[in-house]
Amino acid sequence: MKKLFNGRFSTLYSVLSLYVFLSFIIRILLMIWSLKDLEFNLLYILKAFFTGFVFDFTIGCLFLSLYTIYVLALPKRWVGSVFDKCFTYFYLTLIFIIIYFSLLAEIPFWDEFGVRFNFIAVDYLIYTYEVIENINQSYPLPLIGAVLVGLIILTFVSFKKLNVFKKTFSDKSSFRTRFLYAFPVLAIAVVLGLSMKNKIADFSNNSVVNELGKNGAFSFVAAFISNELDYETFYPKLPEKEAYSIVKKNLLQENQKYTTSKYDDISRFTLGNQEQKPNIILIAIESFSADFLTEFGNKDHITPNYDKLSKESVFFTNLYATGTRTVRGMEALTLSVPPTPGNSIVRRPDNENLFSVSSIVQSKDYHPYFIYGGDGYFDNMNTFFGGQGFDIVDRDRGNPLPDNIKTQRFSITDQEVSFENAWGICDEDLYKQSIKYADKSTKDNKPFFQFVMTTSNHKPYTFPAGKIDLPQGDRNAAVKYTDYALGKFIEAAKSKPWFKNTVFVIVADHCASSAGKWEINIHNHHIPAIIYNLPHQQERIDRLISQIDLMPTLFGYLGWSYNTSLYGKDINQTKQGDERAFLGNYRTLGMLKGNVFTQIDDRKAVKQFSVSSDRSLSEMKTKNGTDISQTISYYQTASVRFKNGKMKAK
């Protein structure tokens, strides 16, 4: 072992040892960070640290594989030359930048998401403007840069004092000797690098334990490769006809009938009564957990306007978001579909002209708008909404729509912006856009449907000064400002002639946090929703409802007759006991029904949990086969229908 650090490979093995040690320290820090969610099972924790060590060592070898080949192949006469030193210092500088940046970045990522790098981190590479601006506005970049440079310099100085470089540049051992030192590194990099899968670390029901057993850099690469998962390859399945038979039985409302006898056609006719056609403004509030509301126990009084509106509306108290990202909320509210594995359909190719909520409102002669305060290029939003027939209103920073998307795009000008951060204009400015285009549609004598996506309740939590009594940069402050802007919007809308004939659907896209003990934390999917200004008395709905059911429920209140291929159901036309909610992340999918949560994943594993009153989980020994079949049927058919084009509007 001593010879490893006393020859030509001393630098290589010193860097490898340093990386493994620092990864171990990070693992300790993350464990301490999440002690409240950690399952204290000594065997599992030891297994997580051992698995993590293997991942760390593998990634370290991959980082150093090119340098290993260089040290192996460089002729003896060039050892210690200017070229040798320049190449070594340059390569190590790059490696240290990657190592220190990735390790430091894991801390805020874990703080926000409770996991190692995943597909969200991959997305951040694509949308550089928003991400770089967000980092710049959320963290002290000069200090971070100084710490990064300081760590690199300190490492070089330490290596020099320990004579690591001296040994590297003086040893002129034979190729055979060098090969003996190089082979283990290259073999591990190739064999383990290609064969190891992130799912090896998923051996417990505790999310923290599983994530501790992973390596951030390895998880990043794994997410990049598996950003989209094929359901039929990775997930439990039923025979196709059986899956459709189960899902069609469960989709049918009391006021619906199927329009064809084809086993794989879920098209249904919905019979309404006394149809009304008010304008519709759907507001998706960024990261708006139910926990922020007084109704659900919050003592900080940060949502007075939403609290007041909920008492004057149809208020859904037991509604669950399908996912933990904005694109999942958009998918649920527009496509009314369970969260299929991999990326949200919003971000997938060939997602235009799908049967959606837009298909239904356009059949009623509505003009649909998507109104967003940033550039809708982010997360593929403009392409998705434009592909469903929405006109786009956004900041338009020069990212054009694809040629095949035929829609109008209206830019929010600088003169219309009073405040803006990395993600977009403040909510007050955004709501002014909503009013502007509501006025326009009214002038054109056209009923309108607006999908308004807010951004103020998002890190860096900045907003116009002097609006509320809490400081910038704080989550509670951002929530209170978001609520303040909503209150101002409703008051402004009341002064408009179109207000009396306009219904407002106000719902969160997802919760503020997704971290917790389990792969899917039910509590962190609980969101509020209201339907305000209906020609209908105030009502409180405590029945379980999925985010995908919200718009079909609205259509029920409006008495609409329409054809649908949506997976969502009108809660008021759903039999008692048939309520269910769909929750997922990019790999794990689940269905909540009653007090049973059924979970499936990309290892074809099926688990069921009993859900307590505080939404904590305990795994069930005896499984409910009916719930399992129903869960699989929903996700299997939804995934296959998108893949084979059956979600397309006819």
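Keep in mind the model is a prediction, meaning the values are calculated, not measured. Just so it is clear, the values below take in all heavy atoms, side chains as well, and ignore hydrogens, waters and symmetry mates.
Under a 3.5 Å cut-off, the side chain of Asp394 and the backbone N or O of Gly376 do form a donor-acceptor pair. At distances below 3.5 Å, at least one donor-acceptor pair connects side-chain atoms of Asp375 with backbone N or O atoms of Arg397. Between the side chain of Gln388 and the backbone N or O of Asn351 there is at least one donor-acceptor pair closer than 3.5 Å. Judged by distance alone, the side chain of Arg347 and the main-chain N or O of Asn380 form no donor-acceptor pair under 3.5 Å. Using a distance-only test at 3.5 Å, with no hydrogens or angles considered, no donor-acceptor pair links the side chain of Ser289 to the main chain of Asp291. Not a single donor-acceptor pair under 3.5 Å links the side chain of Ser310 to the backbone N or O of Phe315. Using modelled atom types, no side-chain atom of Arg395 and backbone atom of Gly373 make a donor-acceptor pair closer than 3.5 Å. A donor-acceptor pair under 3.5 Å is absent between the side-chain atoms of Gln276 and the main chain of Asn501, judged by distance alone. Counting only distance, with no hydrogens or angles, the side chain of Gln253 and the backbone of Asp570 share a donor-acceptor pair below 3.5 Å. At least one donor-acceptor pair closer than 3.5 Å links the side chain of Gln450 to the backbone N or O of Ser434.
A 4.5 Å side-chain heavy-atom check between Ser313 and Ile531 finds every atom pair outside the cut-off. Using a 4.5 Å heavy-atom cutoff, the side chains of Tyr461 and Val479 are not in contact. The shortest side-chain heavy-atom distance between Lys467 and Lys480 does not fall under the 4.5 Å cut-off. A heavy-atom distance below 4.5 Å is found between the side chains of Asn255 and Thr270. Leu486 places a side-chain heavy atom less than 4.5 Å from the side chain of Tyr431. Between Thr462 and Pro460, the closest side-chain pair of non-hydrogen atoms falls below 4.5 Å. The shortest side-chain heavy-atom distance between Thr334 and Ser358 does not fall under the 4.5 Å cut-off. A heavy-atom distance below 4.5 Å is found between the side chains of Asp265 and Lys650.
Of the N and O atoms on the side chains of Tyr567 and Thr637, at least one donor lies less than 3.5 Å from an acceptor on the other residue. A side-chain donor-acceptor contact under 3.5 Å links Arg348 and Thr340. For the residue pair Glu579 / Thr574, no side-chain donor-acceptor distance below 3.5 Å is found, with atom types taken as modelled. No side-chain donor-acceptor contact under 3.5 Å links Asn457 and Ser287. With 3.5 Å as the limit, one finds no donor-acceptor pair spanning the side chains of Asn421 and His458. Between Asp483 and Thr303, the side chains place no donor N or O within less than 3.5 Å of an acceptor N or O (distance only, hydrogens not considered). With no hydrogens or angles considered, no side-chain donor-acceptor pair links Asn585 and Arg325 at under 3.5 Å. Between the side chains of Asp549 and Thr553, no donor N or O sits under 3.5 Å from an acceptor N or O. In this structure, a donor-acceptor pair under 3.5 Å is absent between the side chains of Ser514 and Asn524. A donor and an acceptor atom, one from each side chain of Arg328 and His510, are nowhere located under 3.5 Å apart.
Considering only residues two or more places apart in sequence or on other chains, Lys436 meets the salt bridge (Lys or Arg N to Asp or Glu O under 4.0 Å) condition with Glu416. With sequence neighbours excluded, no residue satisfies ring-ring contact (aromatic ring centres under 6.0 Å, His included) with Phe269. Judged as a ring-ring contact (aromatic ring centres under 6.0 Å, His included), and not counting sequence neighbours, the contacts of Phe410 are Tyr437. Every residue meeting the ring-ring contact (aromatic ring centres under 6.0 Å, His included) condition with Phe385, not counting sequence neighbours, appears here in chain and number order: Phe370, Phe390, Phe451. Under the side-chain contact (heavy atoms from CB on, under 4.5 Å) criterion, Lys443 pairs with no residue, sequence neighbours left out.
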Using side chain to side chain contact (heavy atoms under 4.5 Å, CB included), reason through Arg580 and Asn250 one step at a time and then give a plain yes or no. CA-CA 10 Å; Arg580 76 285 171 273; Asn250 284 284; over 6 Å; no
Please evaluate residues Asp365 and Lys446 with respect to the criterion side chain to side chain contact (heavy atoms under 4.5 Å, CB included), reporting the C-alpha separation (whole Å), side-chain torsions for both, the decisive distance (0.1 Å), and the verdict. CA-CA 8 Å; Asp365 201 33; Lys446 186 87 168 176; 2.9 Å; yes
Quick one: do Asn382 and Thr407 satisfy side chain to side chain contact (heavy atoms under 4.5 Å, CB included)? Show the steps, please. CA-CA 10 Å; Asn382 280 355; Thr407 190; over 6 Å; no
Let me see the working for Phe597 and Ile520 under side chain to side chain contact (heavy atoms under 4.5 Å, CB included), right down to the final yes or no. CA-CA 10 Å; Phe597 182 64; Ile520 296 178; 3.9 Å; yes
Please step through side-chain hydrogen bond (donor to acceptor under 3.5 Å, both in side chains) for the pair Thr326 and Glu286, ending with a clear verdict. CA-CA 7 Å; Thr326 296; Glu286 172 69 41; 3.0 Å; yes
Working for salt bridge (charged side-chain N to carboxylate O under 4.0 Å, His left out), residues Asp350 and Lys648: CA-CA 10 Å; Asp350 195 27; Lys648 296 285 186 180; 3.1 Å; yes
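Here the straight-line distance linking atom CD1 of Ile548 with atom CG of Leu319 works out to 10.5 Å at 0.5 Å rounding. With rounding to the nearest 0.5 Å, the separation of CG in Asp509 from CD in Glu331 is 12.5 Å. Note that CG of Leu282 is 9.0 Å distant from CG of Leu554, once rounded to the nearest 0.5 Å.
Residues Asn399 and Arg409 share a closest heavy-atom pair of O-NH1, 2.7 Å. When all heavy atoms are compared, the tightest approach of Ala492 to Ile435 is CB-CD1, 3.6 Å. Nearest heavy atoms, Phe642 versus Pro349: CZ-O, 3.8 Å. Of all heavy-atom pairs between Phe355 and Ser565, the closest is CE2-N, 3.2 Å. The two residues Ser336 and Pro552 have their closest heavy-atom pair at OG-CG, 3.9 Å. Residue Ile541 comes nearest to Ile571 through the heavy atom pair CD1-CG2, 4.2 Å, listed as atom of the first residue, atom of the second, then distance.
Classification of the Tyr481-Tyr484 ring pair by plane angle, with boundaries at 30° and 60°, yields tilted.
Around atom NZ of Lys440, more than 12 heavy atoms belonging to other residues, nucleotides or ligands sit under 6.0 Å away. No more than 12 heavy-atom neighbours from other residues, nucleotides or ligands sit within 6.0 angstrom of NZ on Lys500.
Within the cation-pi definition used here (under 6.0 Å to the ring centroid, within 45° of the axis), Lys248 qualifies as a partner of Tyr258.
For Phe504 and Phe499, the gap between ring centers is short of 6.0 Å.
Applying the ring-ring contact (aromatic ring centres under 6.0 Å, His included) rule to pairs touching residues 539-560 yields Tyr366-Trp560, His536-Tyr557, Phe555-Trp560, Phe555-Tyr562, sequence neighbours excluded.
Contact check on Lys494 versus Glu491 returns a salt bridge, with a Lys/Arg side-chain nitrogen under 4.0 Å from an Asp/Glu carboxylate oxygen.
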